[in-house]
Structures are given as C-alpha cells and as structure tokens.
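My structure is below; once you've seen it, I'll send some questions.
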Amino acid sequence: MSLHWALICHGLITLTIVVSFLCGQWRIFQGTPISSIHRFLTFGAYQYFLRFIGAVFGDRGTNLILSVEYYCCDRPNPILQLIYLAIIGTTYYIIVKTSFSYIPGYYLSEAHRYASFLAIAVGILLFLVTSFSDPGTVKADNVSRYLSAYPYDNIIYTEKECPTCKIPKPARSKHCSLCNRCVARFDHHCGWMNNCIGERNTRYFLAFLLWHFLLCIYGTIAIGLVLAGRLKELQIVHVLTVYYGVDNSLRSLAPYVVQWLLDAHNTQILLMVFMGVVSLLLAGFFAYHANLCLTNTTTNETFKWQDYISWQKNLIEARASTAALKANIAGMTTEGKPQESKCKSFFRRSLLQDTEAIVKKNVYDKGFFHNLYEVVFPVSTRASFLHTKSKSG
C-alpha cells in the first residue's frame, strides 16, 4: 500500500504545484498557501538561485544566468514551442506504448488507434498555424486602412504615433517589444506560440485552445474506457466478490478495484490525472478568451480599462476630498444655513457611480454576432479592407 500512497501523494503535489504556478495570482487564492507557492515559484526560487550562483561562481556566473534569462524571456525564441512538442509527443508515445495493446477492447474499437493519431495531428497543425501566422502586422503601407477600420474611442485610445515604427498608431494596436512590430487588435504575446496574438490569428489561437481541451477530454475518457474494459474482460469484480468474499457493492469494491488499477495500470492512471488537470486549465483559458472575443475586448484592453478606471476613481476621490474641504470651510463661514437632509444625500447618485457608467462603455462591442464575425473573419481579410487600399493608393 506504500506505493499506492506514494502515487497519490505524488499526484496531489503535482496538482498543487501546477495550480499554484498557473492560477496562484487569482484573487480567489490571495492569502492562501497557493498564493505563497506561486510567489516562490515565479519569483522567490529564482532570486535564491541567483544568490546561490553568485556566491559559488561570482559575477561571471550571475551574468551568464542573466544572459540566458534575456534570451528566454526578452526576445523571440522557440524554447516553449519545443517544450510543447516534447510534451504532446511524449504523452502520445506513452499512451501508445501502454494502452494501444488493449485496443480494440471491450468498449473501444480499433478506429480509435487512427482517430487518436488524427486528433494529435490536427492539434499540432493548429499549433503551427497559430505560431507562424501573421497576427496583423501594422506597416506603413497598410496603416491608413487600419486607422479607418479601428477608430479611436478617445478614452483608452487616442491619436498618437508609435515611437519605434514611426507610423501612426491605430486604435487597439500595440507595439510588441519582443517581436519589434506593431500588431493590430493586439491581445498578448504568447510564449508558447513564439508569436503575438492579434487581429488575424486570434481565431487560430481560440481553435487551438478548444481543440486541445477536447483532445485532453478525449484522451482521459478513452483511457478510462480502456481500464473499464480491462476490468470487464478480466472479470475483476467477479473475482473480488467470489474468491475474496468482498460484498458486491460500490462502497466495498471501490478500494480493491482502485488498488488493482494502481498495481496493474498506474501509468494510465497518472496519464488520466495529468490530462484531466490540463483539460481544466485549457477550459479556463478558452472560456476567458472566448468571453473577451464575444465582448470585443482584448487582454491588453482589460489592463488598459483597469488602469483607466483606477485613475478615474483616484481623480473622483481627490475631487470629493476637495469638495468636502470646501464644504467644511463654507460651513464655518455661513452659520444658520439649513443643512441638506440625510435622505436627500442618501438617494443622490455619487460621482463614482456616474463615472462607472461612462468608463465601462466599450465602443467596439457591437453585439454578440458582430463580435464573433470580427474574430472569425478579421477586418484585414475582407474585400472592403482591400478596397480601401486601392482607394488610398
């Protein structure tokens, strides 16, 4: 049983580390061990590592590590792309070696051998398309068209010039310091793709997330059916109830069935746990980006709105403090003036409420279907966009 508990503890520790690394910064985890583990993994461990390298190897060792950090984090590189290919290739290889010998089985036909390969191939194809597609690069020869396609809202986007590209900066665009280019409808720079996610390839990125979520679900269910088929073919339930005298009930059989599965098929169990966790993470990422697309917002714009709202609130608080100070001064100079009733003060809308209604207005949100159409059929791929080019030229 020690092996079984070791596997369970290994799975729980792995799950905790993965969740802490990817989700530890979420508000729901603030003040919890998950948040502390996240800070250690993303910042603390690296700082301790740098101190150790400096103490052992001196400045040369520290400079070498910092140069590697610059290559990995501050410039385009294929490291995460290779890691993705290694993860998906290794996982599929292990599935083939451990589970394909049981296919066809009691619940799965031989078609799943070929269906799984096709599913992996489609996933890699979506990965390559997203990685090497143009995200919507803004250049001198197409900037006028993007300026017409994306008007300024004069809230979070105002007319300005990109200081690096030396061209007008269309609304919703951003200059990516990693790729060194302006990207239309910029969402974010994805290290896994080694590419920006923008106006032209957001659709491929969403398809990649959705397909890999379904791929993980498919793999988890398929391996589960393989194990269920093994239980059926070997009559494990019959053996436990007849030969070992275990009651034929779920409560009595479950521990023994789990013990047998961990003994005979521990690799498949770990694969199911791994793909189940990854599927949940992919579901969260897809839901987040799908919601952004359906409201015609980008990841970059969510941060801009947060900064703008924070600035507006600070401005309102400053005005309120000034108004309160003036009221106090006026109260000291004008005695006998009737004070405003508490009821009237209670029902009056605050300046903050009025500002909330203004700053949260997204002029680019034109309805569910229009927003979806803009993602699936980007502006720069339409005939009207090309027609604008011929007119301007």
Quiz item: Which is it for N362 and N296 under the side-chain hydrogen bond (donor to acceptor under 3.5 Å, both in side chains) test, yes or no, and what are the steps along the way?
Solution: CA-CA 8 Å; N362 180 14; N296 212 335; 6.0 Å; no

Quiz item: By salt bridge (charged side-chain N to carboxylate O under 4.0 Å, His left out), which residues pair with R181, not counting sequence neighbours?
Solution: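 Checked R181 against salt bridge (charged side-chain N to carboxylate O under 4.0 Å, His left out); zero matches.
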
Practice problem: State yes or no: do M272 and I236 share one hydrophobic cluster built from I, L, V, M, F, W and Y residues joined by side-chain heavy-atom distances below 4.5 Å, directly or via other members? | Solution: yes

Practice problem: Determine whether F127 and F286 fall in the same hydrophobic cluster, where Ile, Leu, Val, Met, Phe, Trp and Tyr are linked whenever their side-chain heavy atoms lie under 4.5 Å apart. | Solution: yes

Quiz item: Does the side chain of E199 come within less than 4.5 Å of T202's, by heavy atoms?
Solution: no

Quiz item: So, do L209 and F205 sit near enough that their side-chain heavy atoms are less than 4.5 Å apart?
Solution: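 In short, these two side chains touch, coming nearer than 4.5 Å.
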
Exercise. Report yes if the side chains of Q312 and L315 come closer than 4.5 Å at any heavy-atom pair, otherwise no.
Key: yes

Quiz item: Are F377 and F369 connected, step by step, through hydrophobic side chains (Ile, Leu, Val, Met, Phe, Trp, Tyr) whose heavy atoms are closer than 4.5 Å?
Solution: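 Looking at the clustering, F369 is in the same group as F377.
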
Quiz prompt | Audit row: F208, L125, side chain to side chain contact (heavy atoms under 4.5 Å, CB included) steps and yes/no | solution = CA-CA 9 Å; F208 169 84; L125 178 62; over 6 Å; no

Self-check item: Parallel, tilted or perpendicular: rings of F40 and Y48 (30°, 60°)
Solution: tilted

Quiz item: Are side-chain N/O atoms of R75 and N180 paired as donor and acceptor at under 3.5 Å?
Solution: no

Quiz item: Does T298 reach the main-chain N or O of F186 with its side chain, forming a donor-acceptor pair under 3.5 Å?
Solution: yes

Quiz item: More than 12 foreign heavy atoms under 6.0 Å from CZ of F117: is that the case here?
Solution: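 Check fails, neighbour count at 12 or below.
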
Quiz item: In Å, rounded to the nearest 0.5 Å, how long is the span from CG of L206 to CZ of R203?
Solution: 11.5 Å

Quiz prompt | Whether S148 side chain and S144 backbone form a donor-acceptor pair below 3.5 Å | solution =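 Such a contact is found between S148 side chain and S144 backbone.
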
Quiz item: What distance separates T299 OG1 from K174 NZ, expressed to the nearest 0.5 Å?
Solution: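 Taking OG1 in T299 and NZ in K174, the distance rounds to 12.0 Å.
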
Quiz item: Can you check whether I83 reaches W192 side chain to side chain, under 4.5 Å on heavy atoms?
Solution: yes

Self-check item: N266 side chain to L261 backbone, donor-acceptor under 3.5 Å
Solution: no

Quiz item: Would you say the side chain of L234 lies within less than 4.5 Å of the side chain of W260, judging by non-hydrogen atoms?
Solution: yes

Quiz item: Quick one: do the H112 and Y107 side chains pair a donor with an acceptor below 3.5 Å?
Solution: no

Practice problem: Answer with yes or no after comparing the ring centroid distance for F303 and H188 against a 6.0 Å cut-off, counting only values under it. | Solution: no

Quiz prompt | Separation of K169 NZ from T164 OG1 (nearest 0.5 Å) | solution = 8.5 Å

Exercise. Check the pair I156 / W305 against side chain to side chain contact (heavy atoms under 4.5 Å, CB included), numbers first and verdict last.
Key: CA-CA 7 Å; I156 59 173; W305 279 114; 3.6 Å; yes

Exercise. Report the distance from atom CD1 of I17 to atom CG of L41, rounding to the nearest 0.5 Å.
Key: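 Interatomic distance, I17 CD1 to L41 CG, rounded to 0.5 Å: 6.5 Å.
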
Practice problem: Determine, for E301 against K304, whether the closest basic-nitrogen to carboxylate-oxygen distance falls under 4.0 angstrom. | Solution: no

Practice problem: Kindly say whether N77 contributes a backbone atom to a donor-acceptor pair with the side chain of N194 at under 3.5 angstrom? | Solution: yes

Exercise. Could you tell me whether the side chain of S35 and the main chain of T32 form a donor-acceptor pair under 3.5 Å?
Key: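 Checking the backbone N and O of T32 against the side chain of S35, no donor-acceptor pair under 3.5 Å is found.
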
Practice problem: Of all the heavy-atom pairs spanning I197 and C190, show the shortest one and how long it is. | Solution: CG1-CB, 4.0 Å

Exercise. Taking all heavy atoms of C176 and all of C196, pick out the closest pair and write down the distance.
Key: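 Answer, listing the atom of C176 first, then C196: SG-SG, 3.4 Å.
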
Exercise. For S116 and R113, indicate whether the former's side chain and the latter's backbone hold a donor-acceptor pair under 3.5 Å.
Key: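 Checked: pair present.
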
Quiz prompt | Minimum-distance pair of heavy atoms, taken over all atoms of S109 and I103 | solution = O-CG2, 3.3 Å

Self-check item: Side-chain H-bond candidate by donor/acceptor type, Y84 with H212, under 3.5 Å
Solution: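 Present: a donor and an acceptor within the cut-off.
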
Quiz item: Does the ring center of Y146 lie less than 6.0 Å from the ring center of F385?
Solution: yes

Self-check item: Basic-acidic side-chain contact under 4.0 Å: E374, R172
Solution: yes

Quiz item: What heavy-atom pair brings G219 and M275 nearest, and what distance separates the two atoms?
Solution: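 Heavy atoms only, the tightest pair is C-CE, 3.5 Å.
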
Quiz prompt | Polar contact flag, side-chain donor to acceptor under 3.5 angstrom, S131-N195 | solution =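 No, because no side-chain N or O of S131 sits under 3.5 Å from a partner of the opposite role on N195.
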
Practice problem: Indicate yes or no for a side-chain donor-acceptor contact from S310 to the backbone of Q306 under 3.5 Å, with no hydrogens or angles considered. | Solution: no

Quiz item: Can you check whether N300 reaches D187 side chain to side chain, under 4.5 Å on heavy atoms?
Solution: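 No, every pair of side-chain atoms sits at 4.5 Å or beyond.
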
Quiz item: Is the backbone N or O of T295 less than 3.5 Å from a side-chain atom of T297, with the two atoms forming a donor-acceptor pair by type?
Solution: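 Checked: pair present.
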
Quiz item: Can you list the steps and then say if K139 with T137 is a side chain to side chain contact (heavy atoms under 4.5 Å, CB included)?
Solution: CA-CA 6 Å; K139 304 176 183 178; T137 305; 3.9 Å; yes

Quiz item: Can a donor-acceptor pair be found between the side chains of D59 and T62 at a distance below 3.5 Å?
Solution: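 No donor-acceptor contact under 3.5 Å links the two side chains.
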
Self-check item: Worked verdict on E161 versus I167 for side chain to side chain contact (heavy atoms under 4.5 Å, CB included)
Solution: CA-CA 6 Å; E161 181 183 272; I167 58 175; 5.8 Å; no

Quiz prompt | Exercise: do E233 and Y102 side chains pair donor with acceptor under 3.5 Å | solution = no

Exercise. Could you state whether V277 and I13 fall into the same hydrophobic cluster, counting links through intermediate Ile, Leu, Val, Met, Phe, Trp or Tyr residues with side-chain heavy atoms under 4.5 angstrom apart?
Key: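 Linked within one cluster.
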
Quiz item: Got more than 12 heavy atoms from elsewhere within 6.0 Å of OH, Y288?
Solution: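 Yes, enclosed.
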
Quiz item: Linking I/L/V/M/F/W/Y whenever their side-chain heavy atoms sit closer than 4.5 Å, directly or via other members, would L118 and F213 fall into one cluster?
Solution: yes

Quiz prompt | Separation between OG1 of T267 and CD1 of I95, rounded to the nearest 0.5 Å | solution = 11.5 Å

Quiz item: Does any donor atom in the side chain of S380 or R200 lie under 3.5 Å from an acceptor atom in the other side chain?
Solution: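 The answer is yes; a qualifying pair exists.
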
Practice problem: Taking D153 for its side chain and V363 for its backbone only, find out whether a donor-acceptor pair lies under 3.5 Å. | Solution: no

Quiz item: Hey, is CD on E159 packed in by over 12 heavy atoms from elsewhere, all under 6.0 Å?
Solution: no

Self-check item: A222 to L108 - nearest heavy-atom pair and separation
Solution: O-CD1, 3.4 Å

Exercise. Examine distances only and state if a side-chain atom of S173 and a backbone atom of P170 form a donor-acceptor pair shorter than 3.5 Å.
Key: yes

Self-check item: Residue pair I28 / I34, side-chain heavy-atom distance below 4.5 Å
Solution: no

Self-check item: Atom pair NZ (K232) and CG (L227), whose distance is rounded to the nearest 0.5 Å
Solution: 15.0 Å

Exercise. State, to 0.1 Å, how close A119 and W211 come at their nearest heavy-atom pair, and which atoms those are.
Key: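 Scanning both residues completely, I find the closest heavy atoms to be O-NE1, 3.0 Å.
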
Quiz item: Are H289 and F285 close enough that their ring centers fall under 6.0 Å?
Solution: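 Ring centroids of H289 and F285 are no less than 6.0 Å from each other.
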
Quiz item: Given side chains that start at C-beta, do those of Y204 and N201 come closer than 4.5 Å, heavy atoms only?
Solution: yes

